[in-house]
Amino acid sequence: RLRKWQERIRTKDAGERNLQFALSETDRMASALAIPRSVREVACVMYRRALDENLIRGRSIEGVATSTLYAACRMEGIPRSLEEVAAVSRVDRKEIGRTYRYVAQELSLKMEPVNPKKYVPRFCSELELSEEVQGKANEIIDTTTEKGLLSGKSPTGYAAAAIYASSLLCNEKKTQREVADVAQVTEVTIRNRYQEQIEAMGIHH
Amino acid sequence: MTDPKESITIENVVASTGIGQELDLESVAMDLVGADYDPEQFPGLVYRTQDPKSAALIFRSGKIVCTGAKSTDDVHESLAIVFDELRDLSIQVEDDPEITVQNIVSSADLGRTLNLNAIAIGLGLESIEYEPEQFPGLVYRLDDPEVVALLFGSGKLVITGGKQVEDAKEAVDVISNRLEELGLLE
DNA sequence: GCTTTAAAAAGTAACGT
DNA sequence: ACGTTACTTTCAAAAGC
């Protein structure tokens with residue numbers, strides 16, 4: 001009996017320590033990514049839910065913590081790409097992606113695909129581009145999406161191409177390299193999306 | 001409007017069988033020309049047939065997995081070659097071992113581009129998986145037939161998980177009808 | 001869960017030239 | 001800025017860790 005009692009205390013302590021570790025890791029990653037406090041709280045609530053539903057079994061604490069942070073950002077409308085969260089996590093991109101998909105499924109998170117427009121303000125401010133460029137990029141995204149160009153394409157690459165195109169149109173040119181660096185995609189992807197987008201927009205350059 | 005079912009192509013058939021005899025893979029690996037065997041890495045010996053093209057995984061237990069064939073007939077032909085190769089090594093092989101198809105991978109074309117975003121919401125976010133940041137295809141799991149379909153923006157699709165050739169046709173029908181009734185085609 | 005095999009879809013990435 | 005190669009996803013079986 002005494003042994004059972006001690007075991008309970010031990011596992012409870014271990015659980016507390018694990019939860020505390022997960023929450024502090026979430027906070028550390030969120031700080032590194034400049035994610036607002038409100039979103040961190042959403043991430044922590046999601047982590048507790050995942051914990052309550054035994055979703056951590058067979059998975060690493062850090063993997064679930066990173067995935068819930070990624071999911072929380074998307075849910076709150078200020079997405080970080082998997083590349084970005086992977087950069088501050090000790091779990092690799094592939095593992096974060098699969099854990100996210102598992103958690104989203106198990107917690108029935110009705111996550112819509114990320115709208116590339118959600119990346120425009122952050123990427124543009126990192127590139128010090130004006131409101132005008134942002135507006136034009138959003139317009140390109142809206143118009144080309146209506147024409148069916150978005151299906152299957154990565155939201156970050158799509159946003160990057162629209163920003164690159166609008167920076168040209170607004171005479172605030174950024175190079176493909178500069179845009180590629182902030183969006184964490186390759187120049188090749190920007191080039192490919194850019195060509196499709198300007199063609200669909202009927203722009204000649 | 002051509003029927004999408006006409007576009008179905010079988011891309012890969014996976015089947016399992018067994019010769020009803022234990023094998024010493026070390027000696028089979030020595031005698032069988034072209035055999036790849038690295039027990040440290042994987043317990044099965046890999047043997048590739050050229051015509052029809054396939055890869056057979058041969059295990060110590062005598063069980064065999066054949067993959068890469070383009071039809072169920074090709075699976076039988078490939079395995080017949082494998083059985084004969086083993087007999088040439090003076091290994092006893094049953095006359096006609098039972099061959100079980102475990103999975104068939106097919107591709108097809110709906111003939112129209114798809115708005116995957118709209119389809120994701122239309123089919124229900126809880127019943128599909130669409131993460132274009134990770135993979136360009138939308139994953140749709142069907143209950144009947146019990147297969148998994150990958151839908152692409154081009155209108156092309158991949159159907160896998162079925163054990164019968166008919167499963168792909170049924171799946172294409174179910175998917176076409178669902179998208180049609182949701183007004184998501186064309 | 002992992003290891004290996006094959007195959008398609010389309011997007012993205014990382015090489016070399 | 002090309003081209004090539006390779007990786008992402010889905011599926012099933014096998015034996016063993």
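What you see below is based on every heavy atom in this structure, not just the backbone, and it leaves out hydrogens, waters and symmetry mates. Note on naming: letters A, B, ... go to the chains in the order of the sequence lines (proteins, then strands), and numbering restarts at 1 for each one. Remember, predicted model here, so these are calculated numbers, not experimental data.
The existence of a salt bridge linking B:Asp24 and B:Arg60 is excluded, since no basic side-chain nitrogen approaches an acidic carboxylate oxygen closer than 4.0 Å. Using a 4.0 Å cut-off between charged side-chain N and carboxylate O, A:Asp52 and A:Arg49 make no salt bridge. Look at B:Lys5 and B:Asp3 and you find a salt bridge, because one of the NZ, NE, NH1 or NH2 atoms lies within 4.0 Å of a carboxylate O, short of that distance. In this structure, B:Glu131 does not pair ionically with A:Arg101, as no charged nitrogen and carboxylate oxygen lie closer than 4.0 Å. Between A:Glu139 and A:Lys136 there is a salt bridge, since at least one side-chain N of the basic residue sits less than 4.0 Å from a carboxylate O of the acidic one. Ion pairing of A:Arg177 with A:Asp181 is present here, as a side-chain N (NZ or NE/NH1/NH2) and a carboxylate O approach within less than 4.0 Å. Ion pair B:Asp74/B:Lys53 not flagged as a salt bridge, since none of the NZ, NE, NH1 or NH2 atoms sits closer than 4.0 Å to an Asp/Glu carboxylate oxygen. Between A:Glu62 and A:Arg28 there is a salt bridge, since a side-chain N of the basic residue sits under 4.0 Å from a carboxylate O of the acidic one.
Between the P atom of D:dT9 and the CG atom of B:Leu138 lies a distance of 15 Å, rounded to the nearest Å. Atoms CD1 (B:Ile99) and P (D:dA14) sit 15 Å apart, rounded to a whole Å. Distance B:Glu40 CD to D:dA15 P: 19 Å, rounded to the nearest Å. For the pair B:Glu129 CD and D:dC11 P, the computed distance is 9 Å after rounding to whole Å. One can place OH of B:Tyr37 at 13 Å from C1' of D:dA14, the figure rounded to the nearest angstrom. For B:Ile64 and D:dA12, the CD1 to C1' distance is 17 Å, given to the nearest whole Å. In this structure, NZ of A:Lys94 is placed 10 Å from P of D:dT10, rounded to the nearest angstrom. Straight-line distance from the CG atom of B:Leu79 to the C1' atom of D:dA14: 13 Å, rounded to whole Å.
Across the interface with DNA chain D, nearest-nucleotide mapping of B:Gln102 and A:Val188 shows A:Val188 to be the residue nearer the 5′ end.
At the heavy-atom level, B:Ser61 lies under 4.0 Å from the strands shown only through sugar-phosphate atoms. Residue A:Arg93 is out of contact with every strand shown, counting any heavy-atom pair closer than 4.0 Å.
With both ends at atom P, the span from D:dA6 to C:dT4 equals 15 Å, rounded to whole Å. Taking the C1' atoms as reference points, C:dA7 lies 23 Å from D:dG3, given to the whole Å. If you take atom P in C:dA8 and the same atom in D:dC2, they sit 26 Å apart, rounded to whole Å.
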Give the B/S/- string for nucleotides 2-12 of chain C, one per nucleotide from 5' to 3', where a protein heavy atom under 4.0 Å of the base yields B, of only the sugar-phosphate yields S, and otherwise -. SBBBBBBBBSS
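Residues from residues 168-178 of chain B lying near DNA chain D, meaning a heavy-atom separation below 4.0 Å, are absent.
Remark: A:Arg59 pairs with no residue by the salt bridge (Lys or Arg N to Asp or Glu O under 4.0 Å) rule, at least two apart or across chains.
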